[in-house]
Structures are given as structure tokens and as C-alpha cells.
Amino acid sequence: MAKITFITSDNEKVTLEGASGSVMQLAVNNGVSGIDGDCGGVCSCATCHVFVAEKDLEKVGDASEIETDMLELADEANEFSRLCCQIEISEAIDGIELTVAK
Amino acid sequence: MMDKSKLSDPFEKARVEKGYGHMDDQNDPVTILLRHKDVRKTAHNWKTFQSGGEEVGRIVIPSEVKIRDTRQIPFEVDPPLHKEFRSLLDGWFKRPNEPAYQEKLHKQISALVDEVLNKDEVEVVRDFSLKLQSRALTLLLNTPFSESETWISWGTHVFRSEGESLDADKANILYNYIDERIIEAAKNPGEDLYSVLLGSEVNGKKLTHEEVKGIMILTFAGGRDTVINALTNSIAYFSEHPKSLHAIKENPEMINNAVEELIRYFAPLTHMGRVVTEDTQVCEHAIKADTRVSLCWASANRDAAVFENPNEVDFDRKMNPHVSFGFGTHNCLGATHARQIMRTLLGILAEKVASMDIINTDENIEELGEFDRKVGYNAITVKFNKY
């Protein structure tokens, strides 16, 4: 199990627990505001854009080239940006904090 | 032969060698951008490649400058005003994510599939896809189901141009209908989209009749041929690939990725234009101010720089950054509705239909200057077989 905290645009903190699947799916299933996941996780829509807390960058790992190319053209993207459909839930990411971009 | 459902890629050579192509359109030529990277970058750069210029209808190809005065909203509006309209509309157009909406959609599609399973042969464009699209639109607009009968009676060609010449009379059927519905909603407000829009404000001002009309024209026109193409191409595809349908029956969790992959492969809207606001260049090709470019979604979706085996339909594709719903600021407002229709259809087909046989086809080939692209069918007759 991994605990994942989302900070939404209205500054609300939501901590959710998941065992598998993508972080986007966990957020969508629990109605986290600002995570739409329109394309269902195939990296085509950028509606699951989050900023990873600096302390957690290493835990989360790097984005693939396809994701990086997508992020380059996403609104307000920066060096902390990820599409959370591309972050798999595992114990390795327990305790991470993600700020929702939208 | 397993090729009746095939959609080939006429852009490959030009995409690899030059990155662009040309077509004329009513003496307002278009540079067609073909590479995935260029298409996305250009779509992203709404300042240099604008949608909201003076001339209404110019970003549509074939151009609608001569047949339409009403600005489609938010389609032909750029930021910052674009964002105000989009924020107003986004919530309404995400309703297809709600369980109650999905349940109604499921009932509609299920009933239609039962209907075609009980017929000998079905002309899919007219008697399946048009009906499905029109009925589902009543959910998106929150209007009575019976309205769909009027829309079905218009036939598939109501907004479609026949070659170069655009048919203003046909377009006026839709525009007059929308005028009447807006006037009716103003008199007797209900809970439909017309009424909701008439009661809404943007930047502190109530929407005008003309603005509501612009949103409604977009909603009708943008989701008609596109959805019909996606549905009809899906029927053709599964007719020739029954194993894929059986795989979905066994593993319904495949549906999401299958839909994204079919939508990539089909690219139901081939391309969309932009008006260039300054002298610029794309892939080292000079482009002059006040000319037009188009973003060729269909070509970008087959770019081997991004997609492995781009001409294969592969439901196991994990990463699928297709641009069938456009990209960036002006991405498709109806995408949530379209995706929900496709996901629902695939589930129901897999559950109820054992196989389908294509009897005959009349392909719809678009002529885009140096390119001819099959986008779907004018007609396709299919026999649906039950379990």
C-alpha cells in the first residue's frame, strides 16, 4: 500500500491509499478535483497534470520521452511536472505529495 | 480479404520527405502540416496560428466564409475570452462522466444494437450511426428524445459540403432550427443546454442569442460527421476483426485503450485550419501572414517518430498520444461525450454481437489537394449476427 497526498487548487489536502494501478486512476476514483484523466491513462490528454513535491522527485522517477514531449506543451508546466497517469502506485512512492495543476 | 475496414495513410511520403503538403480551397490555399511534433506545437501556439480572427468560418476546411456569419464558440474565439467560454461550458460537457448519463446512454445504444440484430441487413451510416449519434445528442443537450427524430430526418449530409461547393441551403436548415429552439427556450426556459446558456453570463454579460447560437452550431456540427465516422468505422473494423471483439468480451477492462487506439487509427476529423498572424516558418518552410495552415490530425497519428507500427491497430498500445481530439487550447469540447459513446458501444457490441459481415461498401474519400484520404463510408451494408 502507498499513501498519496493531493493538494488541489483550492488548497485542500486529500490523502488516499492505493495498492496498484495508476495515480491518476486513484485520483479519478476518489473525485480529486482537477484530475480528469479524460483519455483513461494513455498519455494523450494532459488532464492529470501534477507537480511533484521536490522531496519526492527521486521516489517518483523520470518521465518517458512521450510524456516529456507532452509536458513541454502543457499549460504551466515546470521541472516538477508529471502526468500522474504515468506514475504507477507501489510501496516505492509511499508518502508522496502531488499538487494538482488545474 | 481483410481490407474493407482499412484506413490507409496517404500522407506518409510527404510527411517523411517534407513535413507538409498543399491544397487549394476556394482560392484560399492551405499548407497542411503533417508531422506529430509540428502539429502539436502549432496547435499550442494560438497567437501565431489563430482560430478567432475577423473572418468567421475561415479555419474550417472547406472554408465556410461564404456560408456562415455566426461565430462558433469557443471554437472561433482565442484566449483570453476563449477561457471564459470554455470554463462556462466544461462542466456541462463533462456530464457524460456521470453514472446517470452513462446509464441512459447504455440503454439507448443497447436498444439500437438489439434493433439491428433483428434485421437481415443494415445500412450502418443511415440506420445505425446517424441514429445513435442523434439520440445520444439528446443527452448532451438534455432535450427530449423525440428531437432526435428531426435530426435523423435531416440525413447525414445536412452540414456536409459536396466537394468544393458548400451548400448554404442545407446549412440553413440547421441554423434556422437552432434559432427557433433558442427563441422557444427564451420564452419557456427548461433544463436544456439552450436555456442554461441563455441564463449564463460571460465577463458579467448575459450571453446573446448570437452567442448561444454559435455554441449550439458548434455542438451540432462538430459532433455529427465525426461521431458518425467513428461509429461506422468501428462497425467495419470489428466486422473484419471478430477476435478483437471476443477479446473485449473476455477482458472488458481493455475497452478504454481500445477506444483510444481506434480513435487514433480512425482520426474521424482529418484536419483543422488556423490563420497565420505573422510571417513564420514550420519545419523550415516559410509561411506568410494571412495565409492558412491546417493541423493534420490524421497524419500526425501515423507518425512513425511517435507510434510504433503506426498503421496497425494495436489495443495493447500503452502510450498513445494521438491528436484525434485536437491538442492544446482548442481541444475537442465534445471529447468526453464521444469517448463515452465509443466505450459504451464497444461494451455492448462485445456482449451482444457474435459477428458482423460486410455486404458492400461505398467509401467516403476526401480530396485534399495532393492527398486522397478515406475517412469513412458514404454507406456500408452489414449483417449483424447474434450469439
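A note on names: the letters A, B, ... follow the listed sequences, proteins ahead of strands, and every chain is numbered from 1. A quick note: this is a predicted structure, and the numbers were derived from the prediction, not measured.
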Asks: Would you give the length of the straight line joining atom CZ of Phe49(B) to atom CG of Leu33(B), rounded to the nearest 0.5 angstrom?
Replies: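 The distance works out to 7.0 Å.
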Asks: Pairing donors with acceptors under 3.5 angstrom, does anything connect the side chains of Asn97(B) and Thr336(B)?
Replies: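 No, because no side-chain N or O of Asn97(B) sits under 3.5 Å from a partner of the opposite role on Thr336(B).
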Asks: For residues Leu349(B) and Ile248(B), determine if any side-chain heavy atom of one lies less than 4.5 Å from a side-chain heavy atom of the other.
Replies: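 Of all side-chain heavy-atom pairs linking Ile248(B) with Leu349(B), none is under 4.5 Å.
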Asks: Of the listed residues (Arg264(B), Arg339(B), Lys37(B), Lys94(B)), which shares the most heavy-atom pairs with chain A below a 4.5 Å separation?
Replies: Arg339(B)
Asks: Starting at OG1 of Thr8(A), measure out to NZ of Lys13(A) and round the result to the nearest 0.5 Å.
Replies: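 Thr8(A) atom OG1 to Lys13(A) atom NZ measures 11.5 Å (nearest 0.5 Å).
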Asks: For Arg40(B), which atoms come within 4.5 Å of any heavy atom of chain A: side chain, backbone, both, or neither?
Replies: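 Both the backbone and the side chain of Arg40(B) come within 4.5 Å of chain A.
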Asks: Is the cationic atom of Arg15(B) (NZ for Lys, CZ for Arg) positioned less than 6.0 Å from the six-membered ring centroid of Tyr20(B) and within 45 degrees of its normal?
Replies: no
Asks: Quick check on His44(B) against chain A: is it the side chain, the backbone, both or neither that has a heavy atom closer than 4.5 Å?
Replies: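 Only the side chain of His44(B) comes within 4.5 Å of chain A.
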Asks: Using heavy-atom distances under 4.5 Å, tell me whether Arg343(B) contacts chain A through its side chain, its backbone, both, or neither.
Replies: side chain
Asks: Please classify the contact of Phe327(B) with chain A as side chain, backbone, both or neither, using a heavy-atom distance under 4.5 Å.
Replies: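 Contact with chain A involves the side chain of Phe327(B) alone.
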Asks: How long is the straight-line distance from CG of Asp225(B) back to CG of Leu269(B), given to the nearest 0.5 Å?
Replies: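 Answer rounded to 0.5 Å: 9.5 Å.
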Asks: Using non-hydrogen atoms and a 4.5 Å limit, figure out which bit of Lys41(B) sits close to chain A: side chain, backbone, both or neither.
Replies: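 Contact with chain A involves both backbone and side-chain atoms of Lys41(B).
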Asks: Is Glu65(A) close to chain B through its backbone or its side chain, or both, or neither, when contacts mean heavy atoms under 4.5 Å?
Replies: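 Neither the backbone nor the side chain of Glu65(A) comes within 4.5 Å of chain B.
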Asks: Between Glu308(B), Glu261(B), Glu312(B), which is the residue that forms a salt bridge (Lys or Arg N to Asp or Glu O under 4.0 Å) with Arg317(B)?
Replies: Glu261(B)
Asks: Do Asn311(B) and Arg302(B) have side-chain N/O donor and acceptor atoms under 3.5 Å apart?
Replies: yes
Asks: Residues of residues 22-47 of chain A under 4.5 Å from chain B (heavy atom pairs)?
Replies: Asp36(A), Asp38(A), Cys39(A), Gly40(A), Gly41(A), Val42(A), Cys43(A), Ser44(A)
Asks: Would you please say whether a donor-acceptor pair under 3.5 Å links the side chains of Glu278(B) and Thr48(B)?
Replies: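 Side chains of Glu278(B) and Thr48(B): pair found under 3.5 Å.
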Asks: Between Asp75(A), Ile66(A), Leu73(A), which residue shows the highest count of heavy-atom pairs closer than 4.5 Å to chain B?
Replies: Leu73(A)
Asks: Could Glu76(A) and Lys102(A) be called an ion pair, given the rule that one side-chain N must be under 4.0 Å from one carboxylate O?
Replies: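 Answer for the salt bridge query: no.
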